[in-house]
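A short worksheet on the structure shown next.
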4 protein chains.
Amino acid sequence: MTRQREKDKLPIIIEAAKVIFACYGFHDSHIAKIAKQAGIAEGTIYLYVRSKEELMIRLFEHQVGSFIAALQEQLRSIDDARAQIRCIIQQHLAKLEEDPELARVFQFELRQPNLTIREGIAPILRQYFQIIEHTIRLGQQQGHFDPTLSAVLVRKLIFGGINEVATSWVFSQKDYSLRSQGEPLLRMILKGITT
Amino acid sequence: MTRQREKDKLPIIIEAAKVIFACYGFHDSHIAKIAKQAGIAEGTIYLYVRSKEELMIRLFEHQVGSFIAALQEQLRSIDDARAQIRCIIQQHLAKLEEDPELARVFQFELRQPNLTIREGIAPILRQYFQIIEHTIRLGQQQGHFDPTLSAVLVRKLIFGGINEVATSWVFSQKDYSLRSQGEPLLRMILKGITT
Amino acid sequence: MTRQREKDKLPIIIEAAKVIFACYGFHDSHIAKIAKQAGIAEGTIYLYVRSKEELMIRLFEHQVGSFIAALQEQLRSIDDARAQIRCIIQQHLAKLEEDPELARVFQFELRQPNLTIREGIAPILRQYFQIIEHTIRLGQQQGHFDPTLSAVLVRKLIFGGINEVATSWVFSQKDYSLRSQGEPLLRMILKGITT
Amino acid sequence: MTRQREKDKLPIIIEAAKVIFACYGFHDSHIAKIAKQAGIAEGTIYLYVRSKEELMIRLFEHQVGSFIAALQEQLRSIDDARAQIRCIIQQHLAKLEEDPELARVFQFELRQPNLTIREGIAPILRQYFQIIEHTIRLGQQQGHFDPTLSAVLVRKLIFGGINEVATSWVFSQKDYSLRSQGEPLLRMILKGITT
DNA sequence: CATGAATGAGCATTCATTCAT
DNA sequence: GATGAATGAATGCTCATTCAT
């Protein structure tokens with residue numbers, strides 16, 4: 001019984017939550033279903049998480065957190081801001097296409113009326129936004145992007161565009177590649193913000 | 001308590017639903033609250049609407065429907081597709097800024113996990129999408145927009161961009177004008193899709 | 001506008017109630033359905049009847065009342081108590097077979113847990129019971145029936161028997177004649193109570 | 001408030017349901033009342049039973065089921081069909097007199113307009129009917145009962161008679177013994193069906 | 001007399017969370 | 001730590017009845 005074992009059910013729970021949230025949405029995802037999916041008792045979930053809301057937040061933290069870490073790792077080896085933008089769009093779409101359940105949860109619950117969830121998710125999302133905005137400012141410094149543009153607004157266009165493309169795909173028959181939308185999307189955006 | 005005989009309380013109910021949905025989100029908007037807001041009895045709502053879900057759908061139909069009608073009217077007098085895009089973005093943002101409660105509902109519930117609502121809303125949204133796509137194709141015919149671009153993808157960028165800008169504003173302190181974001185957003189988009 | 005017209009919707013209402021009660025049972029027979037069946041407004045029913053319960057009672061009074069009146073008329077011309085018993089059983093079964101909707105209501109609601117209905121129905125039923133018991137006592141005086149038998153108990157056997165036969169028929173496919181059960185039933189009963 | 005861990009509260013729930021159903025009838029027996037009577041929470045009932053209807057059916061199964069089992073045990077040691085009929089009538093009346101609450105429920109709900117309940121109860125009732133009919137056919141084989149009589153019809157007379165006697169008692173002041181009605185009832189019936 | 005829109009108390013059922021084991 | 005039976009507050013919807021017209 002190593003100490004690490006104590007907490008090793010959390011990933012299982014989060015994974016189960018992802019599957020169930022993706023399938024039913026937050027409100028129709030009952031703790032009983034998630035517990036069953038995880039192969040554990042309902043009460044056990046509450047040893048790792050304070051509430052259903054926190055479970056959703058933890059899921060975001062876990063998934064988006066690791067995505068951001070990997071993304072930053074990749075961006076570090078890219079100098080050109082234009083290439084960085086390409087990387088961001090590609091990785092974002094690839095991640096969702098790879099994990100359609102995550103995609104469903106992300107597109108469904110990104111804009112939660114539920115304040116607790118919204119506020120729990122916000123910091124993670126903000127982190128991602130800052131990465132994008134940072135890249136944009138870098139591009140402006142490099143002289144690639146129009147320096148008069150607001151980095152925040154550009155980020156909104158980029159994130160909004162990716163998001164809409166992803167949402168359409170999630171609700172579609174998925175008979176086309178999500179990734180393949182990245183390049184034409186990128187072209188429009190780059191052209192739109194180039195000096 | 002006063003028994004009114006107006007015979008059409010639907011607009012009152014929809015207006016009340018908008019206020020309550022905006023404030024609490026769909027799931028925490030109880031029929032009792034909506035009825036109270038409308039100044040009528042709970043049962044009365046069910047004389048006009050089959051269910052809470054239908055109420056949400058009716059709200060969309062009503063609000064987005066009239067927006068679309070007015071928008072189409074305006075577009076008819078505009079020849080240049082670029083000016084049409086400007087009009088769409090401006091009207092969209094203006095509408096939401098004018099009616100912040102509608103804005104909240106729209107940004108909250110646009111992507112519903114609830115299948116009934118999602119499917120009820122879909123046709124109205126699709127109508128709006130087609131207007132945008134139609135304008136894009138017009139611009140391509142007019143030689144203003146890159147004819148190799150997919151009109152659907154361009155629409156996703158435009159709608160996604162508007163949407164993200166609006167969402168940020170809804171969740172913000174609203175200490176800035178939403179409308180004012182239209183012009184710089186438009187500039188990027190037009191530049192991005194120009195031949 | 002003759003004075004009699006004032007009350008002429010009651011039979012229509014009662015007839016409609018019979019149809020609906022037969023189809024759905026008392027609790028699932030909504031006033032709205034009955035009103036629709038009667039071709040009148042819901043509120044109109046309350047001009048003739050104080051409550052849904054009273055409607056049920058009125059239905060019993062009306063139907064069983066006229067049945068009893070006709071029965072008594074016939075019994076008056078029959079001297080032999082055995083023939084009277086035959087007449088009662090035959091008429092009872094014939095009435096239900098003639099009017100299957102009445103049969104359903106009668107067999108469903110005869111034993112109501114609802115106190116108001118039960119007490120409203122009781123006097124009518126008691127009247128019928130007394131006719132049967134009177135016939136039995138007559139038969140005992142005529143020397144046909146065992147004088148040591150309790151007339152009340154014999155009535156219970158007769159009414160219970162008829163009732164069970166009728167109930168089975170109501171719940172069956174009705175691919176056999178209810179009336180035809182009268183004669184063999186009668187034979188058993190008469191044999192059972194003969195001196 | 002005390003959290004019990006008996007793991008099988010079904011008998012407690014059924015017993016409580018019997019009391020409440022007897023007192024108020026099915027429709028006016030609210031789950032809250034039954035839960036209170038059982039000393040448990042409302043939700044707990046639904047851990048054992050799917051719906052209020054099922055609760056009624058389970059009550060029948062439980063009570064009539066055990067009655068039938070005991071009855072069959074007794075009948076096995078009786079050879080003469082006439083004595084078997086006596087046994088059936090006596091046991092039936094004794095059971096209801098012993099447990100007046102069961103008697104009320106039985107007499108109230110035996111003929112349910114509610115289809116779900118009616119169909120749920122039917123198989124159990126049918127089982128009882130077959131026992132009676134089987135005894136009648138035995139008596140016909142033994143030469144005691146008129147072989148030209150339909151066993152089904154005889155059963156209807158017997159069950160109908162018992163039922164009416166029981167119903168009267170249930171609705172009466174109960175100032176007389178129900179059991180005591182068995183012997184005179186039996187005498188009439190036996191006489192009525194004897195060869 | 002007739003109407004039918006409006007009322008609002010009423011209720012079965014659900015489900016996140018707890019806690020004795 | 002793990003369990004899952006028990007809890008009970010919470011809520012959408014129904015429908016008998018009323019009453020302004």
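Side-chain atoms are counted along with the backbone in the values below, which use heavy atoms only and exclude waters and symmetry mates. Since the structure is predicted, the reported quantities are computational estimates derived from the model, not experimental observations. Note on naming: letters A, B, ... go to the chains in the order of the sequence lines (proteins, then strands), and numbering restarts at 1 for each one.
- With rounding to whole Å, D/K33 atom NZ is found 7 Å from E/dC11 atom P.
- Atom-to-atom, OH of D/Y24 to P of E/dA12 comes out at 13 Å; the value is rounded to the nearest Å.
- Side-chain N/O atoms of A/K9 include none lying less than 4.0 angstrom from OP1 or OP2 on F/dG1.
- Side-chain N or O atoms of C/Y48 include none that pairs as donor or acceptor with a backbone N or O of C/I13 at under 3.5 Å.
- One atom, CD1 of D/I13, and another, P of E/dA12, lie 15 Å apart when rounded to the nearest Å.
- C/I12 is linked by a side-chain contact (heavy atoms from CB on, under 4.5 Å) to C/A38, counting only residues two or more places apart in sequence or in another chain.
- Here the side chain of D/Y48 is nearest to one of E/dT7, F/dA2, F/dA6, namely F/dA6.
- A straight line from CG of C/L47 to C1' of F/dT18 spans 11 Å, rounded to a whole angstrom.
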Legend entry - Heavy-atom protein contacts under 4.0 Å, nucleotides 9-16 of chain F, coded B base, S sugar-phosphate only, - none: --SSBBSS

Could you pull out every donor-acceptor pair under 3.5 Å between side chains of residues 15-26 of chain B and any protein atom, sequence neighbours left out?
unit_1 : atom_1 : unit_2 : atom_2 : d
B/E15  : OE2    : B/K18  : NZ     : 3.3
B/K18  : NZ     : B/D99  : OD1    : 3.4
B/K18  : NZ     : B/D99  : OD2    : 2.6

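- For the side-chain contact (heavy atoms from CB on, under 4.5 Å) test, residues two or more places apart in sequence or in another chain that qualify with B/V64 are B/F60, B/I68, B/F106, B/I124.
- Among residues at least two apart or in separate chains, salt bridge (Lys or Arg N to Asp or Glu O under 4.0 Å) pairs with a member in residues 41-54 of chain C are C/R50-C/E54, C/E54-C/R58.
- Every residue meeting the salt bridge (Lys or Arg N to Asp or Glu O under 4.0 Å) condition with A/R111, not counting sequence neighbours, appears here in chain and number order: B/E164.
- Screening residues 27-36 of chain D for side chain to side chain donor-acceptor pair (under 3.5 Å) gives C/H27-D/H27 as the qualifying pairs, with residues at least two apart or on separate chains.
- At whole-Å resolution of the value, CD1 in A/I45 and P in E/dA16 are 10 Å apart.
- Using a distance-only test at 3.5 Å, with no hydrogens or angles considered, a donor-acceptor pair links the side chain of C/S66 to the main chain of C/H62.
- Distance D/N114 CG to E/dA12 P: 13 Å, rounded to the nearest Å.
- Remark: D/F67 engages D/Y128 in a ring-ring contact (aromatic ring centres under 6.0 Å, His included) (not counting sequence neighbours).
- Counting to the nearest Å, the C1' atom of E/dC15 and the CG atom of A/L55 are 15 Å from each other.
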Legend entry - Dot-bracket summary - DNA chain F, pairs being Watson-Crick or G-U whose distances fall under 3.5 Å, with | when paired to another strand: .||||||||||||||||||||

